[in-house]
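In each ligand, atom 1 is the first atom listed, and ligand 1 is the first ligand listed. Excluded from the calculations below are hydrogen atoms, water molecules and symmetry mates; all remaining heavy atoms, backbone and side chain alike, are included. Bear in mind the structure is a predicted one, so any value in this text is a computation, not a measurement.
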Amino acid sequence: MKRSTLAALSLAIATTLGAGLAAADPIVIKFAHVVAENTPKGLMADRFKELVAERLGDKVVVEVYPNSQLFGDDKVLEVMQLGDVQLAAPALSKFSRYTDVLALYDLPFLFEDLHAVDRFQQSEAGQGLLKSMEKKGLIGLGYLHNGMKQLSSSQPLRVPEDAKGLKFRIMASEVLEAQFEALDAAPIKKPFSEVFTLLQTKAIDGQENTWSNMYSKKFFEVQPYITESNHGLLDYLVVTSTEFWNGLPDDVRDTLKAALDESIAYGNRIAYDKEAEDRQAIIDSKRTEVIELTPEERAQWVQAMRPVWKQFEDEIGADLIDAAYAANQE
Ligand code: SIN
């Protein structure tokens, strides 16, 4: 063989081999969420990104998009199924288009505190709910806390009658709609990204949210009263598409799951701290009056809202409701 032919052949072989050995493109995980970075969810997402960078280096890249920068919660699940986002953690109230059972978590006065929520979520029944949307192409990878919800308003709310006729923004949940209807108030479903402006312009009178969300999104600056009602839960489901998750190489999926479990545990610890810290920061701001209910006043809210359980018992399942309520006993 001529020397020039041999050289050309060697070059061709080297090029082919080189192409085969070149690093594959990294798997990109877009994690879209709607809250501020300094919240349990924002900090959990950032921790997950760091852990993945440490452990999977150039194989997987996590991109975090906070503050509804990429998609709001009204769109994120739809685009996840199309492959435009790989990870999200919407509030459990935002899955009603995909399953009835997660509505459990919206029932008013179901859980006394986050400890009870933890006990239920770690139980067999709680873990089973993570799989409730697999047929719809979504898989729950874990629960993340934000905290217990409080009521904020343009008027002082001490007893249920005080809410009569007022407009409250709610997340897209029929249970939450029924909860405000039970007070003869007007619930209005709106995305999280619009709440501040709706309150500021007085297009609505109030809303329900956690200390962390009201602090980080400055709702307390445009709401003169916050009633410490602890009437409901705002927790998240860390969710991905079954197609994306099952399509990952086994070792990558295992490493991602371990990183998620660790970052969720980290986010949950922050949620406990923030319930107290952000509540205090709001009180210290003196921009709003925090109303503490007497046991008698609180009992009136329970009495007004509790009939909602019966309304949704068939959809959610009486056994599931009983199991969740039983978690209040240690
Ligand atoms: C969130 O915490 O992700 C948003 C909650 C809301 O829509 O009120």
> Hey, which of E194, K190, R169 is the one that makes side-chain contact (heavy atoms from CB on, under 4.5 Å) with I204?
Replying inline: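 Of the listed options, the one satisfying the test is R169.
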
> Should the ring pair H115 and Y272 be called parallel, tilted or perpendicular, given that the plane angle runs from 0 to 90° and is split at 30 and 60?
Replying inline: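 H115 and Y272: tilted rings.
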
> Would you call the rings of F111 and F120 parallel, tilted or perpendicular, where under 30° means parallel and over 60° means perpendicular?
Replying inline: tilted

If we set the cut-off at 4.0 Å for heavy atoms, which region of [X] has an atom near ligand 1: side chain, backbone, both, or neither?
X	value
T39	neither
H33	neither
K41	side chain
T210	neither

For [X], take its heavy atoms, then give the atoms of ligand 1 lying under 4.0 Å from any of them.
X	value
V34	1 (C), 3 (O), 4 (C)
V35	1 (C), 2 (O), 3 (O)
N213	1 (C), 2 (O), 4 (C), 5 (C)
Y236	1 (C), 2 (O), 3 (O)
L234	2 (O), 5 (C)
M171	5 (C), 6 (C), 7 (O), 8 (O)

>> Going by salt bridge (charged side-chain N to carboxylate O under 4.0 Å, His left out), E262 matches just one of R55, R269, R47. Which one?
In response: R55

>> As an exercise, state the distance from CG of L166 to CG of D205, rounded to the nearest 0.5 Å.
In response: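 Between atom CG of L166 and atom CG of D205 there are 4.5 Å.
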
> Are any side-chain N or O atoms of N328 and backbone N or O atoms of E112, one a donor and one an acceptor, separated by less than 3.5 Å?
Replying inline: yes

> Are R169 and ligand 1 in contact, using a heavy-atom cut-off of under 4.0 Å?
Replying inline: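 Flag set, R169 near ligand 1.
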
> At a 4.0 Å cut-off, with the gap strictly under it, does some heavy atom of E208 reach an atom of ligand 1?
Replying inline: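 E208 does not count as a contact of ligand 1 under the 4.0 Å cut-off.
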
>> Between N209 and Q207, does the side chain to side chain donor-acceptor pair (under 3.5 Å) criterion hold? Intermediate values first, please.
In response: CA-CA 7 Å; N209 232 302; Q207 58 88 50; 3.2 Å; yes

> Can you tell me the protein heavy atom closest to atom 6 (C) of ligand 1 and the distance?
Replying inline: F192 CD1, 3.3 Å

> What are the two closest non-hydrogen atoms of E297 and R158, and how far apart are they?
Replying inline: OE1-NH1, 3.5 Å

>> Going by side chain to side chain donor-acceptor pair (under 3.5 Å), D284 matches just one of Q280, K286, R287. Which one?
In response: Q280

